[in-house]
Amino acid sequence: MVPGQLIFISGGVRSGKSTYAESLVQQANGNRNVYIASGLAHDQEMAERIGRHRKDRAQDGWCTIEQPRQLSEALPFIRENDAVLWDCVTTWLANELYEGFEQGNLCANKPGCMEQKWRELKNTIDSMREKALYTVIVSNELLDEPLVDRTYQQWLGTIHQWLASRADQAIEMENGLAIRRK
(Lines give C-alpha, C1' and ligand atoms only; values in the text may rest on other atoms or scores of the structure.)
Protein backbone atom coordinates (compact mmCIF):
# COMPACT_ATOMS: atom_id res chain seq x y z
CA MET A 1 0.00 0.00 0.00
CA VAL A 2 1.21 3.49 -0.85
CA PRO A 3 0.98 5.98 2.07
CA GLY A 4 -1.69 8.58 1.49
CA GLN A 5 -3.56 6.41 -0.99
CA LEU A 6 -7.24 7.19 -1.55
CA ILE A 7 -9.68 4.58 -2.81
CA PHE A 8 -13.25 5.47 -3.73
CA ILE A 9 -15.78 2.61 -3.87
CA SER A 10 -19.34 2.94 -5.09
CA GLY A 11 -22.03 0.38 -5.66
CA GLY A 12 -25.65 -0.43 -5.23
CA VAL A 13 -27.36 -1.47 -2.04
CA ARG A 14 -26.09 -4.93 -1.06
CA SER A 15 -23.39 -4.83 -3.74
CA GLY A 16 -20.72 -5.84 -1.23
CA LYS A 17 -19.04 -2.42 -1.27
CA SER A 18 -18.73 -2.02 2.53
CA THR A 19 -17.44 -5.55 3.06
CA TYR A 20 -14.91 -5.09 0.27
CA ALA A 21 -13.83 -1.72 1.70
CA GLU A 22 -13.35 -3.26 5.15
CA SER A 23 -11.14 -6.00 3.67
CA LEU A 24 -8.97 -3.40 1.91
CA VAL A 25 -8.47 -1.44 5.13
CA GLN A 26 -7.63 -4.62 7.07
CA GLN A 27 -4.95 -5.47 4.49
CA ALA A 28 -3.36 -2.01 4.79
CA ASN A 29 -1.59 -2.82 8.07
CA GLY A 30 -1.93 0.68 9.45
CA ASN A 31 -1.45 1.61 13.09
CA ARG A 32 -5.20 1.18 13.60
CA ASN A 33 -8.19 0.38 11.45
CA VAL A 34 -10.53 3.34 11.85
CA TYR A 35 -14.16 3.23 10.77
CA ILE A 36 -15.93 6.56 10.39
CA ALA A 37 -19.66 5.85 10.58
CA SER A 38 -22.20 8.31 9.16
CA GLY A 39 -25.40 6.65 10.40
CA LEU A 40 -27.91 8.45 12.60
CA ALA A 41 -30.24 6.56 14.93
CA HIS A 42 -33.59 8.08 13.96
CA ASP A 43 -35.48 5.12 15.41
CA GLN A 44 -34.98 2.10 17.65
CA GLU A 45 -34.24 -0.27 14.76
CA MET A 46 -31.45 1.96 13.45
CA ALA A 47 -30.05 2.43 16.97
CA GLU A 48 -29.88 -1.36 17.34
CA ARG A 49 -28.19 -1.75 13.94
CA ILE A 50 -25.60 0.89 14.80
CA GLY A 51 -24.94 -0.76 18.16
CA ARG A 52 -24.58 -4.19 16.57
CA HIS A 53 -22.19 -2.91 13.88
CA ARG A 54 -20.11 -1.00 16.44
CA LYS A 55 -19.82 -4.14 18.61
CA ASP A 56 -18.88 -6.33 15.62
CA ARG A 57 -16.18 -3.88 14.52
CA ALA A 58 -14.78 -3.62 18.06
CA GLN A 59 -14.44 -7.39 18.19
CA ASP A 60 -12.47 -7.22 14.93
CA GLY A 61 -10.13 -4.56 16.36
CA TRP A 62 -11.64 -1.50 14.67
CA CYS A 63 -11.74 1.95 16.24
CA THR A 64 -15.14 3.47 15.39
CA ILE A 65 -15.74 7.21 15.12
CA GLU A 66 -19.43 8.07 15.01
CA GLN A 67 -19.53 11.18 12.81
CA PRO A 68 -22.83 11.45 10.97
CA ARG A 69 -22.23 15.10 10.09
CA GLN A 70 -19.30 17.52 10.02
CA LEU A 71 -16.71 14.98 8.95
CA SER A 72 -13.94 17.42 9.89
CA GLU A 73 -14.66 16.71 13.56
CA ALA A 74 -13.30 13.19 13.04
CA LEU A 75 -9.83 14.48 12.06
CA PRO A 76 -8.45 14.95 15.61
CA PHE A 77 -9.19 11.28 16.34
CA ILE A 78 -7.24 9.99 13.34
CA ARG A 79 -3.62 9.19 14.09
CA GLU A 80 -0.69 9.19 11.72
CA ASN A 81 -0.64 6.03 9.60
CA ASP A 82 -4.13 4.85 10.52
CA ALA A 83 -6.02 2.94 7.84
CA VAL A 84 -9.33 4.81 7.53
CA LEU A 85 -12.69 3.77 6.12
CA TRP A 86 -15.48 6.34 5.80
CA ASP A 87 -18.85 4.69 5.20
CA CYS A 88 -20.68 6.42 3.64
CA VAL A 89 -20.94 9.58 1.53
CA THR A 90 -24.64 9.16 0.79
CA THR A 91 -25.62 9.01 4.45
CA TRP A 92 -23.43 12.00 5.29
CA LEU A 93 -24.90 13.97 2.38
CA ALA A 94 -28.49 13.32 3.48
CA ASN A 95 -27.62 14.29 7.06
CA GLU A 96 -26.00 17.56 5.97
CA LEU A 97 -28.39 18.49 3.16
CA TYR A 98 -31.45 18.03 5.34
CA GLU A 99 -29.93 19.62 8.44
CA GLY A 100 -32.58 21.84 9.98
CA PHE A 101 -35.47 19.62 8.86
CA GLU A 102 -37.06 19.62 12.31
CA GLN A 103 -37.15 23.42 12.32
CA GLY A 104 -38.29 23.70 8.68
CA ASN A 105 -35.04 25.39 7.74
CA LEU A 106 -33.16 22.95 5.49
CA CYS A 107 -29.54 23.57 4.62
CA ALA A 108 -30.53 22.62 1.06
CA ASN A 109 -32.76 25.72 0.94
CA LYS A 110 -30.26 28.18 2.47
CA PRO A 111 -28.09 30.03 -0.06
CA GLY A 112 -24.47 28.92 0.24
CA CYS A 113 -25.06 26.35 2.99
CA MET A 114 -24.18 23.25 0.96
CA GLU A 115 -21.41 25.08 -0.88
CA GLN A 116 -19.75 25.73 2.50
CA LYS A 117 -20.22 22.09 3.54
CA TRP A 118 -18.76 20.99 0.19
CA ARG A 119 -15.63 23.15 0.70
CA GLU A 120 -15.23 21.71 4.20
CA LEU A 121 -15.67 18.16 2.91
CA LYS A 122 -12.98 18.56 0.23
CA ASN A 123 -10.55 20.08 2.74
CA THR A 124 -11.31 17.34 5.26
CA ILE A 125 -10.73 14.53 2.78
CA ASP A 126 -7.44 16.12 1.68
CA SER A 127 -6.36 16.47 5.34
CA MET A 128 -7.42 12.90 6.10
CA ARG A 129 -5.43 11.66 3.14
CA GLU A 130 -2.31 13.50 4.35
CA LYS A 131 -2.62 12.02 7.84
CA ALA A 132 -3.81 8.47 7.16
CA LEU A 133 -1.78 5.68 5.69
CA TYR A 134 -4.73 4.64 3.59
CA THR A 135 -8.20 6.14 3.12
CA VAL A 136 -11.16 4.25 1.67
CA ILE A 137 -14.42 6.10 0.99
CA VAL A 138 -17.67 4.27 0.25
CA SER A 139 -20.84 5.58 -1.41
CA ASN A 140 -24.01 4.31 -3.00
CA GLU A 141 -24.38 4.57 -6.75
CA LEU A 142 -26.00 7.78 -7.90
CA LEU A 143 -28.92 6.04 -9.59
CA ASP A 144 -29.33 3.65 -6.67
CA GLU A 145 -30.74 6.49 -4.62
CA PRO A 146 -34.47 7.23 -4.95
CA LEU A 147 -35.36 10.35 -6.90
CA VAL A 148 -36.78 12.24 -3.96
CA ASP A 149 -34.86 15.43 -4.43
CA ARG A 150 -32.89 16.48 -7.50
CA THR A 151 -30.66 18.64 -5.28
CA TYR A 152 -29.53 15.50 -3.44
CA GLN A 153 -28.65 13.73 -6.70
CA GLN A 154 -26.83 16.76 -8.04
CA TRP A 155 -24.68 17.04 -4.92
CA LEU A 156 -24.02 13.30 -4.87
CA GLY A 157 -22.93 13.43 -8.51
CA THR A 158 -20.63 16.36 -7.83
CA ILE A 159 -19.03 14.61 -4.86
CA HIS A 160 -18.62 11.34 -6.78
CA GLN A 161 -16.96 13.08 -9.72
CA TRP A 162 -14.52 14.86 -7.42
CA LEU A 163 -13.73 11.69 -5.47
CA ALA A 164 -13.19 9.65 -8.63
CA SER A 165 -10.85 12.32 -10.00
CA ARG A 166 -8.83 12.49 -6.73
CA ALA A 167 -8.75 8.76 -6.00
CA ASP A 168 -5.77 6.57 -6.73
CA GLN A 169 -8.33 3.84 -7.41
CA ALA A 170 -12.02 4.19 -8.23
CA ILE A 171 -13.91 0.93 -7.84
CA GLU A 172 -17.48 0.04 -8.70
CA MET A 173 -18.98 -2.96 -6.94
CA GLU A 174 -21.42 -5.24 -8.73
CA ASN A 175 -22.71 -8.39 -7.01
CA GLY A 176 -19.64 -8.65 -4.82
CA LEU A 177 -17.21 -8.13 -7.71
CA ALA A 178 -14.83 -5.17 -7.75
CA ILE A 179 -14.66 -3.45 -11.14
CA ARG A 180 -11.73 -1.04 -11.20
CA ARG A 181 -12.37 2.14 -13.13
CA LYS A 182 -9.07 3.85 -12.44
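At least one side-chain heavy atom of Ile78 sits less than 4.5 Å from a side-chain heavy atom of Val84. For the pair Tyr134 and Leu24, the minimum side-chain heavy-atom distance is below 4.5 Å. The shortest distance between side-chain heavy atoms of Leu97 and Leu106 does not fall below 4.5 Å. Considering only heavy atoms from C-beta on, Trp62 comes within 4.5 Å of Gln26 through its side chain. Between Phe8 and Gln169, every side-chain heavy-atom pair lies at or beyond the 4.5 Å cut-off. Thr124 is listed as a side-chain neighbour of Leu75, based on a closest heavy-atom distance under 4.5 Å.
Taking Asn123 as the reference, nothing meets the side chain to side chain contact (heavy atoms under 4.5 Å, CB included) condition, with sequence neighbours excluded. Applying the disulfide bond (SG atoms under 2.5 Å apart) rule to Cys107 yields the partners Cys113; only residues at least two apart in sequence or on another chain are considered.
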Inset, instruction - Output, in order, the C-alpha distance, side-chain angles, deciding distance and verdict of salt bridge (charged side-chain N to carboxylate O under 4.0 Å, His left out) for Arg166 and Asp126. - result: CA-CA 9 Å; Arg166 301 283 291 178; Asp126 285 342; 2.4 Å; yes
Legend entry - Trace of the side chain to side chain contact (heavy atoms under 4.5 Å, CB included) decision for Ile159 with Leu93: CA-CA 9 Å; Ile159 294 169; Leu93 178 60; 4.2 Å; yes
Legend entry - Trace of the side-chain hydrogen bond (donor to acceptor under 3.5 Å, both in side chains) decision for Ser38 with Trp86: CA-CA 8 Å; Ser38 299; Trp86 176 34; 2.8 Å; yes
Inset, instruction - Report the C-alpha separation of Leu71 and Ile36 in whole Å, then their side-chain angles, then the decisive distance to 0.1 Å, and conclude whether the side chain to side chain contact (heavy atoms under 4.5 Å, CB included) test is met. - result: CA-CA 9 Å; Leu71 184 64; Ile36 302 174; 3.7 Å; yes
Inset, instruction - Could you go through the side chain to side chain contact (heavy atoms under 4.5 Å, CB included) check for Leu163 and Ile137 one step at a time? - result: CA-CA 9 Å; Leu163 283 169; Ile137 298 175; 3.8 Å; yes
Legend entry - Full working for side chain to side chain contact (heavy atoms under 4.5 Å, CB included) between Arg79 and Leu133: CA-CA 9 Å; Arg79 299 178 190 158; Leu133 172 68; over 6 Å; no
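For Asn33 (side chain) and Cys63 (main-chain N/O), no donor-acceptor pair under 3.5 Å exists by modelled atom type. A donor-acceptor distance shorter than 3.5 angstrom exists from the side chain of Arg129 to the backbone of Gly4, with no hydrogens or angles considered. Here the side chain of Asn31 pairs a donor or acceptor atom with the backbone of Glu80 at under 3.5 angstrom. The main-chain N or O of Gln70 is found under 3.5 Å from a side-chain atom of Gln67 such that the two form a donor-acceptor pair. In this structure a side-chain-to-backbone donor-acceptor pair under 3.5 Å is missing from Thr19 to Gly16. In this structure, Asp168 contributes its side chain and Leu6 its backbone to a donor-acceptor pair below 3.5 Å.
To the nearest 0.5 Å, the span separating CG on Leu85 from OG on Ser18 amounts to 7.0 Å. Taking OH of Tyr152 as the reference point, atom CD of Glu96 lies at 12.5 Å (rounded to 0.5 Å).
His160 and Ser139 are linked by a side-chain donor-acceptor pair at a separation below 3.5 angstrom, with hydrogens and angles left out of the test. Checked by atom type, the side-chain pair Thr158/Trp118 shows no donor-acceptor distance below 3.5 Å. In summary, the side chains of Gln116 and Glu120 do present a donor paired with an acceptor at a separation below 3.5 Å, with no hydrogens or angles considered. The closest side-chain donor-acceptor pair between Arg54 and Thr64, if any, does not fall under 3.5 angstrom. Using modelled atom types and a 3.5 Å distance limit, the side chains of Asn140 and Lys17 yield a donor-acceptor pair.
In summary, Glu99 and Arg69 engage in a salt bridge, as defined by a charged side-chain N under 4.0 Å from a carboxylate O.
Nearest heavy-atom pair, Ala170 versus Ala167, reported as atom, atom and distance to 0.1 Å: N-CB, 4.5 Å. Across all non-hydrogen atoms, the minimal contact from Met173 to Ala178 is SD-CA, 3.6 Å.
No option in Val138, Leu121, Leu156 other than Leu156 meets the side-chain contact (heavy atoms from CB on, under 4.5 Å) test with Val89. With Tyr35 as the fixed residue, the side-chain contact (heavy atoms from CB on, under 4.5 Å) test singles out one of Ile65, Val136, Asp87: Asp87.
Residue pairs meeting the side-chain hydrogen bond (donor to acceptor under 3.5 Å, both in side chains) criterion with at least one partner in residues 102-113, sequence neighbours excluded, are absent.
With a 6.0 Å radius and a threshold of 12 heavy atoms from other residues, nucleotides or ligands, Lys122 has its NZ atom above the threshold.
Cluster annotation: Leu177 is not connected to Ile9 through the hydrophobic network of ILVMFWY side chains, with a link wherever side-chain heavy atoms come within less than 4.5 Å.
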